[in-house]
Amino acid sequence: MRAMRGRFITFEGGEGTGKSSHASLLARRLEALGIEVVLTREPGGSTGAEIIRHVILSGAAKPFGPAAEAILFAAARDDHLNQTIRPALARGAWVICDRFTDSTVVYQGILGGVDLNLIKAIERIVVGDDKPDLTIVLDVPPELGLQRAASRRGTGAADRFEAEAIQYHTKLREAFRALAAKDRGRCVLIDTTLPREQVADGIWNEVQSRLTPQKYRGTFREAAS
Ligand code: TYD
């Protein structure tokens, strides 16, 4: 018998929104129900994509401009989908991914000025029908987000994206908010200024109400409490 296709959930948002910790909290809640979860992130998540990640985040690709970066992110995504995401969904696992296509739209498109038609065309080719079932957009005022990112980093150097000015982060936040408002069917905006437990519960409520497959009904409520 073929397994029921798993669900695909992505987390998006600016720096310091707590994406990676909320992604793993959600993974743990789903695993507690006996669901296989593949927790992954972009850029990266497969051998080829991790190599491209290094090229991009080291700043080595910066001289080529945001359009070339968008193409590199898409190349990494293609490998990530083929090696990790599609096989997981096909065997019935749920995939939780920290950043996906919306990050390319926001960072390279809206902020970087790359033609959104180009970005959408590449997205159609690379992603096809494997769009996320649910995208959780985490929202935080930029001052607080940067403060969180800095304390997490400790004394380490800022990567080239985090080093950008506060104005950039304000634009980033507005772009993610606009994107969430435009695609309400897929996206949900979550305020992360609240205490972490409350944010996690809010995310869990959305996942339950939007994605609960019939066979998990009932058990979902117990795991949430
Ligand atoms: P990372 O260190 O993983 O940071 P974060 O915790 O913010 O996710 O770095 C990923 C960076 O890459 C982040 O600044 C956003 C950027 N990015 C893009 O510009 N375009 C993309 O398509 C993706 C996936 C990420």
Side-chain angles (χ1 to χ4, degrees), residues 8-26 39-46 48-81 84-85 95-116 118-127 130-132 135-140 142 144-154 156-176 179 190 192:
F8 184 19
I9 303 171
T10 59
F11 279 81
E12 297 279 3
E15 327 282 321
T17 48
K19 283 185 289 60
S20 56
S21 66
H22 283 295
S24 54
L25 284 172
L26 175 60
L39 182 61
T40 185
R41 59 115 193 247
E42 289 206 347
S46 65
E50 289 292 332
I51 295 169
I52 300 174
R53 175 187 175 90
H54 177 73
V55 172
I56 299 169
L57 296 189
S58 67
K62 199 176 182 181
F64 303 108
E69 283 186 317
I71 291 166
L72 284 172
F73 279 113
R77 183 162 302 133
D78 186 57
D79 191 62
H80 186 208
L81 276 159
T84 308
I85 297 173
V95 174
I96 300 177
C97 188
D98 183 349
R99 295 197 184 282
F100 198 60
T101 47
D102 296 313
S103 282
T104 312
V105 169
V106 167
Y107 284 88
Q108 282 67 52
I110 299 168
L111 279 290
V114 177
D115 184 349
L116 286 172
L118 172 69
I119 289 178
K120 284 289 167 191
I122 298 171
E123 183 179 321
R124 275 194 301 278
I125 295 164
V126 171
V127 179
D130 297 308
K131 291 197 194 78
T135 296
I136 293 157
V137 180
L138 299 184
D139 183 57
V140 74
L144 183 56
L146 284 171
Q147 209 178 308
R148 285 179 183 169
S151 62
R152 185 188 57 191
R153 197 166 51 237
D159 71 29
R160 84 161 194 76
F161 289 100
E162 281 176 355
E164 308 277 353
I166 192 105
Q167 225 182 344
Y168 179 87
H169 289 271
T170 305
K171 280 197 217 155
L172 196 61
R173 181 195 191 193
E174 280 161 11
F176 276 117
L179 195 137
I190 300 272
T192 68

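Order of appearance sets the numbers: ligands from 1, and atoms from 1 within every ligand. The figures here come from the full heavy-atom set of this structure, side chains too, leaving out hydrogens, waters and symmetry mates.
The pair Lys171-Glu174 does not count as a salt bridge, with every side-chain nitrogen at least 4.0 angstrom from each carboxylate oxygen. With respect to the salt-bridge test (charged N to carboxylate O, under 4.0 angstrom), the residues Arg173 and Glu15 do not qualify.
Among Leu57, Thr10, Ile56, Thr101, the residue whose heavy atom sits closest to atom 9 (O) of ligand 1 is Leu57. When the heavy-atom distances from atom 13 (C) of ligand 1 to Glu69, Arg99, Glu12 are ranked, the shortest goes to Arg99.
Here Arg77 has side-chain heavy atoms under 4.0 Å from ligand 1, and that is the only part of it that gets that close. The residue His80 has no part lying near ligand 1, judged by heavy-atom distances below 4.0 Å. The side chain of Gln108, and not its backbone, has at least one atom closer than 4.0 Å to an atom of ligand 1 (non-hydrogen atoms only; side chain from C-beta on).
Close approach of ligand 1 to Glu15 is summarised as follows: ligand atoms under 4.0 Å from at least one heavy atom of the residue are 7 (O), 14 (O). For ligand 1 and Arg53, the ligand atoms under 4.0 Å from any heavy atom of the residue are 1 (P), 2 (O), 3 (O). Listed by number with element, the atoms of ligand 1 under 4.0 Å from a non-hydrogen atom of Thr104 are 21 (C), 22 (O).
Test Ile119, Val114, Ile71, Val126 against Thr104 for side-chain contact (heavy atoms from CB on, under 4.5 Å) and you get one pass: Ile119.
At least one donor-acceptor pair closer than 3.5 Å links the side chain of Glu50 to the backbone N or O of Gly45.
Counting all heavy atoms, side chain and backbone alike, Gly14 lies closest to Leu172 at CA-CD2, 4.0 Å. Counting all heavy atoms, side chain and backbone alike, Pro43 lies closest to Phe73 at CG-CE2, 3.6 Å.
Taking distance alone, with nitrogen or oxygen atoms compared against 3.5 Å, Glu42 stays at or beyond that limit from ligand 1.
Between Phe100 and Phe8, the distance separating the two ring centers is shorter than 6.0 angstrom.
Look at Arg41 and you'll find every heavy atom at least 4.0 Å from all atoms of ligand 1.
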